[in-house]
Amino acid sequence: MGPHPAVAAIRLAVRRVLHDVLTDVQRSSENAPPRPPHEQPPQPLVLVACSGGADSMALASALAFEAPRLGIRAGGVTVDHGLQPGSDLRAAEVVVRMTALGLEPVESVAVRVGRSGGPEAAARDARYAALDAAAARHSAAAVLLGHTRDDQAETVLLGLARGSGIRSLSGMATTSGVAGRYRRPFLRIDRQTARKACMVQSLPVWDDPHNADPAYTRSRLRHEGLPALEKALGKGVVEALARTAQLSRDDADALDAWAARAEATVRDDAGLLECAKLYALPPAVRRRIVRRAAIEAGAPAGSLFARHIEEVDRLITGWRGQGAINLPGKVVARRQGGRLVIRQG
């Protein structure tokens, strides 16, 4: 008798991602210096980021099951954000649970959460910094994240509310980070399947009270916004939003590639952007070039919103002698002699 359908689904999703990781490792090893004939290449290590919740515990269990069958070492990291009393004890419990699954190495990393960008963004930044450091410390080939289809739907709606364009609507990528470090096997699996997989395997899970706290935007969306949409529009909203994310990502990737090719054609011999040539481009391509130039000048990508790019775009399309535009990161954009100049200060 095979595993429960929920368990089979999460294992299959993880197996596919691990195959992708192995392919990437093999490609990178082809460019590495040759090893002595008697020396065997080390087994690649894949880490799981585990909070102790149902999604990440299901992911940890699937990784522990699938990795040895593919010759991959499996480890785990839990991040203690220090935002709740007893968070260090809960992190220690997660370490025990991951160790019981057979993961090795396993560690808990404590972080200090700042205030920049709001509590959710600050916690996310601290978490990813800790995961980046852990991956580098252990020379991990990849870090698996337990984001589900439901998380993807919430991300799309948050992007829609911000009005930040098609890239925000594309949600989370299956693969992201430096050299494709982060992998999200569950983006096509719903949250209930992950919880069911934990239940049938008798895996203890921890429900983070922040996930039900209306003080957090994502929590309000999860418990109020999405249910209201499903009540008004019927079931299938989550699946439709996840589909929208993939379609938007395909479109955004194509436009990004177009903008990358076009950028070289709109710069003069000194490397400055020529407004007349920018004006001739489609708005979606032109604004991508402007955004990229602002980021290269020092504007933080996470703080650079559509309204900033629209203001700079008016220097190209609606020039009336207006002054400089101040952007995040103390970056300034101005029009000078038919050129768009974007630089610090």
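Heavy-atom basis, side chains included; hydrogens, waters and symmetry copies ignored. Computed from a predicted structure; not experimentally measured.
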### Query
Do you see a donor-acceptor pair shorter than 3.5 Å between the side chains of T193 and D190?
yes
#### Entry: Short side-chain to backbone donor-acceptor contact, R288 and A284, under 3.5 Å
yes
### Check ion pair K235-E230 (N to O, under 4.0 angstrom)
yes
### Query
Taking 4.0 angstrom as the limit, do D55 and R184 come out as a salt bridge?
no
### Message
Is the shortest side-chain heavy-atom distance between R90 and Q84 below 4.5 Å?
### Response
yes
### Query
Can V46 and L63 be said to form a side chain to side chain contact (heavy atoms under 4.5 Å, CB included), step by step?
CA-CA 8 Å; V46 173; L63 176 63; 4.1 Å; yes
### Query
Mind checking whether Y182 and T175 have side chains closer than 4.5 Å, heavy atoms only?
no
### Query
Are any of the side-chain heavy atoms of R220 and T217 separated by less than 4.5 Å?
yes
### Query
Salt bridge or not for E263 and K277, using N-O below 4.0 Å?
no
### Task
State whether D253 and R167 are salt-bridged, where the test is any N-O pair (Lys NZ or Arg NE/NH1/NH2 against Asp/Glu carboxylate O) under 4.0 Å.
yes
### Task
Indicate if L47 and L18 have the same hydrophobic cluster label, given that clusters are the connected sets of ILVMFWY residues with side-chain heavy-atom separations under 4.5 angstrom.
no
### Message
Check E274 with R267, please: is the shortest side-chain N to carboxylate O separation under 4.0 Å?
### Response
no
### Query
Does R292 come within less than 4.0 Å of E296, counting only side-chain N to carboxylate O?
yes
### Beyond-backbone contact of I289 with L273, side-chain heavy atoms, under 4.5 angstrom
yes
### Query
If you measure from OG1 on T244 to CZ on R249, what distance do you get to the nearest 0.5 Å?
13.0 Å
### Summary
When every non-hydrogen atom of L229 is compared with those of V237, the smallest separation belongs to O-CG2, 4.0 Å
### Task
Consider only side-chain heavy atoms of I, L, V, M, F, W and Y, link residues closer than 4.5 Å, and tell whether I72 and V106 are in one cluster.
yes
### Message
Within this structure, what is the CG-CZ distance for the pair L281 and R286, rounded to the nearest 0.5 Å?
### Response
7.5 Å
### Message
Does either side chain, that of S56 or that of S51, offer a donor lying less than 3.5 Å from an acceptor on the other one?
### Response
yes
### Query
Counting only N and O atoms by type, is there a donor-acceptor contact under 3.5 Å from the side chain of D250 to the main-chain atoms of L247?
no
#### Entry: Donor-acceptor contact present, side-chain R181 to main-chain A141, <3.5 Å
no
### Task
Assess the side chains of D251 and S248: does a donor N or O sit below 3.5 Å from an acceptor N or O?
no
### Message
Using a strict threshold of under 4.0 Å (side-chain N to carboxylate O), is an ion pair present between R137 and E107?
### Response
yes
### Task
Hey, could you give me the CG/OG1 distance between L278 and T317, rounded to the nearest 0.5 Å?
10.5 Å
### Distance in Å, R127 CZ paired with D80 CG, rounded so as to fall on 0.5 Å steps
12.5 Å
### Task
Give a yes or no on whether Y216 and Y128 share a hydrophobic cluster (residues Ile, Leu, Val, Met, Phe, Trp, Tyr; joining criterion: side-chain heavy atoms under 4.5 Å apart).
no
#### Entry: W258 atom CH2, neighbour heavy-atom count above 12 within 6.0 Å
no
#### Entry: CG on L45 to CZ on R73, rounded to 0.5 Å
4.5 Å
### Message
Please determine whether side-chain hydrogen bond (donor to acceptor under 3.5 Å, both in side chains) holds for the pair D20 and T23, giving the CA-CA distance in whole Å, both sets of side-chain angles, and the decisive distance to 0.1 Å.
### Response
CA-CA 5 Å; D20 292 342; T23 299; 5.3 Å; no
### Query
Could you go step by step and tell me if F186 and D151 meet the side chain to side chain contact (heavy atoms under 4.5 Å, CB included) rule?
CA-CA 10 Å; F186 288 177; D151 296 310; over 6 Å; no
### Query
Under 4.5 Å between any side-chain heavy atoms of L327 and V332, yes or no?
no
### Task
Might you point out which heavy atoms bring R183 and A142 nearest each other, and give the distance in Å?
CG-CB, 4.0 Å
### Message
Tell me whether the NZ or CZ atom of R69 lies within the 45° cone about the ring axis of F65 and under 6.0 Å from its centre.
### Response
yes
#### Entry: ILVMFWY cluster, V95 and V143 together (side-chain gap under 4.5 Å)
no
### Task
Check step by step if side chain to side chain contact (heavy atoms under 4.5 Å, CB included) holds for R335 and C275.
CA-CA 8 Å; R335 180 165 172 154; C275 293; 3.8 Å; yes
### Message
Quick one, Q246 with R243, criterion side chain to side chain contact (heavy atoms under 4.5 Å, CB included). Give me CA distance, side-chain angles, the key distance, then yes/no.
### Response
CA-CA 5 Å; Q246 186 55 59; R243 261 195 322 275; 5.9 Å; no
### Query
Under 3.5 Å, side chain of H19 to main-chain N/O of R16, donor-acceptor pair present?
no
### Task
Determine whether the side chains of Q201 and H4 contain a donor N or O and an acceptor N or O closer than 3.5 Å.
no
### Query
With a 4.5 Å limit on heavy-atom distance, are the side chains of E104 and T99 in contact?
no
### Query
What do the steps show when you test R314 against E310 for salt bridge (Lys or Arg N to Asp or Glu O under 4.0 Å), and what is the final call?
CA-CA 6 Å; R314 278 194 286 273; E310 287 168 3; 5.1 Å; no
### Task
Determine, using the 4.5 Å side-chain heavy-atom cutoff (strictly less than), whether W319 and I325 are members of one ILVMFWY cluster.
yes
### Query
Given side chains that start at C-beta, do those of V331 and L304 come closer than 4.5 Å, heavy atoms only?
no
### Task
State, to 0.1 Å, how close C198 and A58 come at their nearest heavy-atom pair, and which atoms those are.
SG-N, 3.6 Å
### Message
Could you report the tightest heavy-atom contact between G323 and L315, atom names first, then the distance?
### Response
O-CD2, 3.9 Å
#### Entry: Side-chain H-bond candidate by donor/acceptor type, R218 with T155, under 3.5 Å
yes
### Task
Just do the side-chain hydrogen bond (donor to acceptor under 3.5 Å, both in side chains) check on D313 and Y279 with the steps written out, would you?
CA-CA 9 Å; D313 195 47; Y279 184 86; over 6 Å; no
### Message
Looking at every heavy atom in both A9 and I189, which two are closest together, and how far apart are they?
### Response
O-CD1, 3.7 Å
### Summary
Shortest non-hydrogen pair, G52 vs V94, comes out as CA-CG2, 3.8 Å
### Message
So that I can tick it off, tell me whether R291 and D256 are bridged by a salt bridge, with the cut-off set at under 4.0 angstrom between side-chain N and carboxylate O.
### Response
no
### Task
Could you grab the distance from atom CG of L203 to atom CE of M57, nearest 0.5 Å is fine?
5.0 Å
### Task
Apply the test salt bridge (Lys or Arg N to Asp or Glu O under 4.0 Å) to residues R222 and E154: give CA-CA distance (whole Å), side-chain angles for both, the deciding distance (0.1 Å), then the verdict.
CA-CA 7 Å; R222 180 174 302 177; E154 293 161 9; 2.9 Å; yes
### Message
Using the rule given for salt bridge (Lys or Arg N to Asp or Glu O under 4.0 Å), can you reason through E239 versus R149, listing the C-alpha separation, both sets of side-chain angles and the distance that settles it, and then say yes or no?
### Response
CA-CA 7 Å; E239 293 90 335; R149 188 172 64 188; 3.6 Å; yes
### Task
Measure the shortest side-chain to side-chain distance between R343 and V341 over non-hydrogen atoms and say whether it is less than 4.5 angstrom.
yes
### Query
Is Q152 reaching over with its side chain to a backbone N or O of M172, donor-acceptor style, under 3.5 angstrom?
yes
